[in-house]
Undergrad: 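Below is the structure I would like to discuss, written out as structure tokens.
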Amino acid sequence: MPEVLISIGGRQFEVACQEGEESYLHAAAKMLDDEAQILSDQVGRMPEARMLLMAGLLLADKTASVEDQVAEVRAELAEREAELAGLRNVVIEPERIEVPVIPQSVSDGLAEMAARAEALAQEIEDKAAG
């Protein structure tokens, strides 16, 4: 089990940790040291036990705040997932649009007029050519 030397509040501590956990221990120690430094700057020198207790309480307060935020985000996520699941089950009926149908007699009449127009056009071309 590796021994790691950490510094908190200007004091050195030798701490054992699991193999491969050294970087996590250093990161945690840095967080605790940062809180201890804030306390030291505000209050000045204090007994080691009190400094560690206060720094630990400050970190616990921050952790509780983050846990509250995580709980809020999880609740929001659960809400959105439920909303999404509900939307996946919604069947949207397409809008019905009615298109008017041209009666056959109108189509026949237009075809007859087109044929007459073509015949007249041909007659005009023939007279112009001849």
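Quick note: numbers below take in every heavy atom, side chains included, and nothing from hydrogens, waters or symmetry partners.
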Undergrad: Between Leu57 and Ile38, is there shared hydrophobic-cluster membership here, with clusters defined by ILVMFWY side-chain heavy atoms closer than 4.5 Å?
TA: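 No, Leu57 does not connect to Ile38 through the hydrophobic network.
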
Undergrad: Determine the minimum heavy-atom distance between Met46 and Leu39, stating which atoms define it.
TA: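 Result for this residue pair: CE-CB, 4.3 Å.
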
Undergrad: Testing the basics here: between Ala36 and Ile8, what is the closest heavy-atom pair and its distance to 0.1 Å?
TA: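 Shortest heavy-atom separation between Ala36 and Ile8 comes out as CB-CG2, 4.1 Å.
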
Undergrad: Run the side-chain hydrogen bond (donor to acceptor under 3.5 Å, both in side chains) check on Asp33 and Gln37 step by step: do they pass?
TA: CA-CA 6 Å; Asp33 183 48; Gln37 188 61 49; over 6 Å; no

Undergrad: What do the steps show when you test Met1 against Glu19 for side-chain contact (heavy atoms from CB on, under 4.5 Å), and what is the final call?
TA: CA-CA 6 Å; Met1 188 172 273; Glu19 189 72 39; over 6 Å; no

Undergrad: Does the side chain of Met51 come within less than 4.5 Å of Ser40's, by heavy atoms?
TA: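 Side-chain contact under 4.5 Å: no.
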
Undergrad: Taking atom NE2 of His26 and atom CD of Glu22, what is their separation to the nearest 0.5 Å?
TA: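 So the gap between those two atoms works out to 7.0 Å.
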
Undergrad: Which pair of non-hydrogen atoms, one from Gly56 and one from Leu32, has the smallest distance, and what is that distance?
TA: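 Nearest pair, atom of Gly56 first, then Leu32: N-CD1, 3.8 Å.
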
Undergrad: Got a second to check how far Arg96's CZ is from Glu98's CD, nearest 0.5 Å?
TA: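 Rounded to the nearest 0.5 Å, the CZ-CD separation comes to 5.5 Å.
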
Undergrad: Check whether more than 12 heavy atoms from other residues, nucleotides or ligands sit under 6.0 Å from atom CZ of Arg80, and answer yes or no.
TA: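 More than 12 heavy atoms, drawn from other residues, nucleotides or ligands, come within 6.0 Å of this atom.
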
Undergrad: To the nearest 0.5 Å, what is the distance between CD on Glu3 and CD on Glu14?
TA: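 With rounding to 0.5 Å, CD (Glu3) is 4.5 Å from CD (Glu14).
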
Undergrad: From Ser7 OG over to Phe13 CZ, what is the distance, rounded to the nearest 0.5 angstrom?
TA: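 With rounding to 0.5 Å, OG (Ser7) is 8.0 Å from CZ (Phe13).
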
Undergrad: Are more than 12 heavy atoms from other residues, nucleotides or ligands located less than 6.0 Å from atom CZ of Arg11?
TA: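 More than 12 within 6.0 Å, yes.
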
Undergrad: What distance do Ile102 atom CD1 and Asp108 atom CG have between them, rounded to the nearest 0.5 Å?
TA: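 So the CD1 of Ile102 and the CG of Asp108 are separated by 11.5 Å.
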
Undergrad: Are the side chains of Ile6 and Gln12 in touch, meaning some heavy atoms are under 4.5 Å apart?
TA: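 They are not in side-chain contact.
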
Undergrad: Roughly how far apart are Leu58 CG and Glu35 CD, rounded to 0.5 Å?
TA: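 Rounded to the nearest 0.5 Å, the CG-CD separation comes out at 5.0 Å.
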
Undergrad: Tell me if the CD atom of Glu83 is crowded by more than 12 foreign heavy atoms within 6.0 Å.
TA: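 Correct, the count exceeds 12.
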
Undergrad: I want to check something: taking the side chain as every heavy atom from C-beta on, are Asp61 and Thr63 in contact at a cut-off of under 4.5 Å?
TA: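 They are not in contact (no side-chain heavy atoms under 4.5 Å apart), so the answer is no.
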
